[in-house]
Amino acid sequence: MQDYSRVRQLLQARRAGHALPQALYSDAEAFDFDMRAIFWRQWVLVGLEAELPQPGAAMALTVGTSPIVVLRDRAGEIRGFHNSCRHRGAMVCPPGRSQRQVLVCPYHQWTYDLTGRLLKARRMQAAFDPDAHPLRPVHVGRVAGAIYVCLAENAPPFDVFAAGLAPLLAPHDLANAKLAHEHVFVERGNWKLVMENARECYHCAARHPDLALAFPAEVRAHFAADEAGHTDRFNARMAQAGLAVGPTMGDWWQAIRFPLNEGVVSLTMDGKHAVRRLMVEHEAGDVGSVRWACEPNAFCHAVADHVFLFTAEPSGPQETIVTAKWFVHKDAVEGEDYHVESLVALWLTTNLQDIELVENNQKGVNSAGYVPGPYCEEAESLVMRFVDWYEREACGALERMG
Ligand code: FES
Ligand SMILES: [Fe+2]
C-alpha cells in the first residue's frame, strides 16, 4: 500500500480555520487516500428501507467507488454485500434497483442466495468448498427507516447516532414512505468541495433566492435561536405537540428539528405542502424540518409532507455524483395528491445552482495562484466542523498506516 507521504505533508501544511491545500481537492493520490481513509471506514447513508419494499428487492450502488449491493432477504432482513463475485470478482448485481430471487453472477453463473451463501458453482473440482465462498458482507445500520452501510472490518459505533436521531424522525414514519422521484447529478468538483458547499448557507441569500424564502438562510451560527423569538415559540409548540426537536450531535452527525421561515410549512417553491397526504399530521403539518447531516457525504430534510435525501458519491479526484431523492407517504397518489414537478422544484433548482458554484470553485482552486483562505466562523461553522472532522479522520488513518 502507498504511504501517502504527500497527503501527510499536505495535512501538516493546513492552517486551522482555513480551506484545505490545493492538492487535497484535486490530486489522484489524495482521492485514493480519501476512499480508504474515509469512505471505506465510515457509516454511509444509502437510502430508506422503503426503497426495498419486498423480499428480493435489491439496490446496487458504489460507496467510495467500491460496488456494493443492499437487499431485503426472504426473511425481510436488510443485508449488504460487497458486489464482487467470489470467483473472479465480477459484479453479481447490476447497478440500480432490481428484484432478485437469487444473485447470479453474469460471468460464469455462480449463484448466491439472498443471505450471500453460494448455492451453485458449475463444474468446480470436488475439493472446492462453496461454503467457504459466500459474498462478503458489509455492516448495515438502520435508524427510523434509513439504511447506512459501513465497509470497514470493524465499524465505528452506530448506536449513539441511531438513539439520537430516532426520536426526531419517529413522527415522520419513514417505514411507510415511498420513493417519489430521484435525480442524479454529475458535478465536476472534488467531493469535499461538494460537501463544503452543502454545509453552509453563506451563499444562500445571494445564490438560492428560492431556498432563502423557505429556509432561515441568514440565521446566526446555523440554527441558533433567532432574536425575534421565532425558534422559542416553535420549540414550545413542538413540545406541546410531543415532537422532539433535539439537537443531537456527534463527531460525524448532527440533527435538529428547526422552524422554517414564518408562514412556511414545507421546503417547496411556495412554502406550502406539495403533497396532500401528509407524513406528519401533527399541527396540521406545520412542524418545521428535521435536518440530519452525516459525514462524510449526506444531508437530509424531513418536512411534514416529504423527505429529501442528498448523498455525494466521489467518482474521481474532480468529479462527484450527487443523488437526490424525494420520498412521500406511500398512500399519496401521484397526479392526485402531488405532482412530481412541484415536489422537486425547490431542491432541483437549488442543486443545479450549487453545481455551478462547486464547478466554479473547483476551477478556481486549480488556479496556479490558489491559497487556502479563512472560513467565516459565523456562517461556515458547519464547514469548519466538516473539514476538521476530515482532518482528524485522515490523520488517524495515516497513523494506523504507520
Ligand atoms: S466471476 Fe462470477 S462466476 Fe466467474
Ligand atoms: Fe447551496
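In listed order, ligands and their atoms are each counted from 1.
At a cut-off of 2.8 Å, Cys204 does not coordinate the Fe ion (ligand 2) through any N, O or S atom. Atom 2 (Fe) of ligand 1 has an N, O or S atom of Cys85 inside 2.8 Å of it. The Fe ion (ligand 2) lies at 2.8 Å or more from every N, O or S atom belonging to Cys201. Taking backbone and side chain together, Asp354 holds an N, O or S atom under 2.8 Å from the Fe ion (ligand 2).
What you find for Ile38 and Tyr390 is that their closest heavy atoms are CD1-CD1, 3.9 Å. The two residues Ala198 and Arg291 come nearest to each other via the heavy atoms O-NH2, 4.1 Å.
Those atoms of ligand 1 that come under 4.0 Å of a heavy atom in Cys105, given as number and element, are 1 (S), 2 (Fe), 3 (S). For ligand 1, the atoms sitting less than 4.0 Å from at least one non-hydrogen atom of Tyr107 are 1 (S), 4 (Fe), numbered in the order shown with element in parentheses. Atom numbering of ligand 1 starts at 1 in the shown order; those under 4.0 Å from a heavy atom of Trp110 are 3 (S).
More than 12 heavy atoms of other residues, nucleotides or ligands lie within 6.0 Å of CD in Gln54, so this atom counts as buried by the packing criterion. Within 6.0 Å of CZ on Arg188 lie no more than 12 heavy atoms contributed by other residues, nucleotides or ligands. The number of heavy-atom neighbours closer than 6.0 Å to CZ of Phe185, taken from other residues, nucleotides and ligands shown, is above 12.
Within His87, the N/O/S atom positioned nearest atom 4 (Fe) of ligand 1 carries the name ND1. Restricting His108 to its N, O or S atoms, the one at the least distance from atom 4 (Fe) of ligand 1 is ND1.
Nearest non-hydrogen protein atom to atom 1 (S) of ligand 1 is Arg88 N, 3.3 Å.
Using the six-membered ring where Trp is involved, Phe158 and Phe161 have ring planes that are perpendicular, over 60° apart on the 30 and 60° scheme.
The ring pair (Phe, Tyr, Trp, His ring centres under 6.0 Å) test with Trp326 singles out one residue from Phe310, Tyr338, Phe308, and that residue is Phe308.
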